[in-house]
Number of protein chains: 2
Amino acid sequence: MKNDNAKDSPEHKAMAEAAIAVLDTRFLKALTDPTRVQIVKKLILLGTCDVTTIAKGLSQDRSVISRHLGTLEQARITTSRKVGRRVLHDIDGPYVVQKVTLILGALQPMAELCIPFAQFDKDGEAA
Amino acid sequence: MKNDNAKDSPEHKAMAEAAIAVLDTRFLKALTDPTRVQIVKKLILLGTCDVTTIAKGLSQDRSVISRHLGTLEQARITTSRKVGRRVLHDIDGPYVVQKVTLILGALQPMAELCIPFAQFDKDGEAA
DNA sequence: GCTATATGTGCATATGTGTGCACATAAACA
DNA sequence: TGTTTATGTGCACACATATGCACATATAGC
């Protein structure tokens, strides 16, 4: 049987490149820590917030929360403004949604192109 | 000025809960390692593949690739079948797309509800 | 000025994670 | 049967990361 896989097409290669390229490690890593996720939740609920208020209720030290906020800001998930002696943080919702939208757009073709063992079940082909 | 923030509405609270709940740590963590991302890319390009073939071309030891494949499988990003002495791996495209779709669906409201400093710029309110 | 409050950082530490080597197991093959 | 190939795992080690404490800095308020 001839090897006329869809996997050999340029479209397929381009899809693979696009899918990998869009996986921003810094963005994803920022969302993998439970404490950071709690911070995000709190910011969603409270809105614009200073460090001390965010740290209130969380078990970690305030300095730890401060560091996590730095990580979230580097990932562009949050932004901050200095107001007097306080530093106010807030979530950048539009950026987050745009980011995930890009990821989904790049991965979307996988729903049809990456059905597990489809080609293998068809004619027993595996690299 | 009265505190009639949209943040106090039940819809907003529900959105926060849904957004946090959908952030599957295991799923996201699996995609944060560069080596695992390379494995995913290779599986997209080659399709159904055994461990040795995947490890070929990657700098890490084959045993390391084996472990990474275990991590990806636990995250349900890949599936595997034992065929003879080989173990074939493949990407579960439909699952991955479904997962990201759920994430985007839960985060979508943030595009409008979490515009940074919007409320603060409006009337100088911050927790 | 002095004091209190808010924040970030250096440092030490505990825990998690990626890596490679050696080895055991399982299956195909001569 | 003995050998080769494919895979997973125990172990040790290097490195990253999360955490807390102490401290320095900056700003508001007295």
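Computed over heavy atoms, backbone and side chain alike; hydrogens, waters and symmetry mates excluded.
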Exercise for the section: Could you state whether A/Ile77 and A/Val87 fall into the same hydrophobic cluster, counting links through intermediate Ile, Leu, Val, Met, Phe, Trp or Tyr residues with side-chain heavy atoms under 4.5 angstrom apart? Expected result: no
Practice task
Starting at atom CZ of A/Arg81, determine the distance to atom P of C/dT7, rounded to an integer number of angstrom.
Solution key: 16 Å
Completion exercise
The nucleotide from D/dC21, C/dG8, D/dT9 with an atom nearest the side chain of B/Arg67 is D/dT9
Exercise for the section: Work out which heavy atom in B/Leu43 is nearest to a heavy atom in B/His89; give both atom names and the distance. Expected result: CD2-O, 3.6 Å
Handout entry: B/Arg67/B/Asp61 salt bridge by N-O under 4.0 Å criterion
Key = no
Practice task
Starting at atom CD1 of A/Ile65, determine the distance to atom P of C/dG8, rounded to an integer number of angstrom.
Solution key: 12 Å
Completion exercise
Considering only heavy side-chain atoms of B/Lys29, the closest of C/dA22, C/dT19, C/dT17 is C/dT17
Practice task
Indicate, with a heavy-atom threshold strictly under 4.0 Å, whether B/Thr32 touches base, sugar-phosphate, or nothing.
Solution key: nothing
Practice task
Using whole Å, report how far CG of B/Leu88 lies from P of D/dT5.
Solution key: 19 Å
Problem - Under 4.0 angstrom between B/His68 side-chain N/O and C/dT17 OP1 or OP2 - result: no
Practice task
Side chain of B/Arg36 only, please: which of C/dG18, D/dG8, C/dC11 is the nearest?
Solution key: C/dG18
Practice task
Using only heavy-atom distances, determine whether the side chains of A/Glu73 and A/Ser80 contain a donor-acceptor pair under 3.5 Å.
Solution key: yes
Exercise for the section: Could you check how far CD of B/Gln38 sits from C1' of C/dG18, rounded to whole Å? Expected result: 15 Å
Problem - DNA chain D: 5'-proximal contact among A/Gly84 and B/Ser66 (nearest heavy atom) - result: B/Ser66
Exercise for the section: Between C/dG8, C/dA28, C/dT19, spot the one nearest the side chain of B/Arg85, thanks. Expected result: C/dA28
Practice task
Just call it for A/Thr35: base, sugar-phosphate, or nothing, with non-hydrogen atoms closer than 4.0 Å on any strand.
Solution key: sugar-phosphate
Problem - cation_pi(A/Arg76, A/Phe27) dist<6.0 Å, angle<=45 - result: no
Problem - A/Arg26 CZ - D/dA16 P separation (whole Å) - result: 15 Å
Practice task
Among C/dG8, C/dG20, D/dG20, find the nucleotide with the atom closest to the side chain of A/Val87.
Solution key: C/dG8
Handout entry: Side-chain-base donor-acceptor pair under 3.5 Å for B/Arg62 and D/dG8
Key = yes
Exercise for the section: Mind calculating the distance between CG (B/Asp33) and P (D/dC15) to the nearest angstrom? Expected result: 16 Å
Practice task
When you get a sec, tell me which of C/dT19, C/dT9, C/dT7 is the closest nucleotide to the side chain of B/Gln60?
Solution key: C/dT19
Practice task
Kindly indicate whether the side chain of B/Thr35, heavy atoms from C-beta on, has any atom under 4.5 Å from the side chain of B/Ile65.
Solution key: yes
Exercise for the section: Have a look at B/Val64 and say if it touches a base, only the backbone sugar-phosphate, or nothing, with a 4.0 Å heavy-atom cut-off. Expected result: base
Completion exercise
Rounded to whole Å, CG of B/Asp61 lies from P of D/dG10 at a distance of 16 Å
Exercise for the section: Verify the contact: side-chain N or O of B/Thr52 to OP1 or OP2 of D/dT7, cut-off strictly under 4.0 Å; return yes or no. Expected result: yes
Handout entry: Distance-only donor-acceptor test (3.5 Å): side chain A/Arg86, base C/dG8
Key = no
Problem - Between C/dT9 (P) and A/Leu69 (CG): distance, integer Å - result: 12 Å
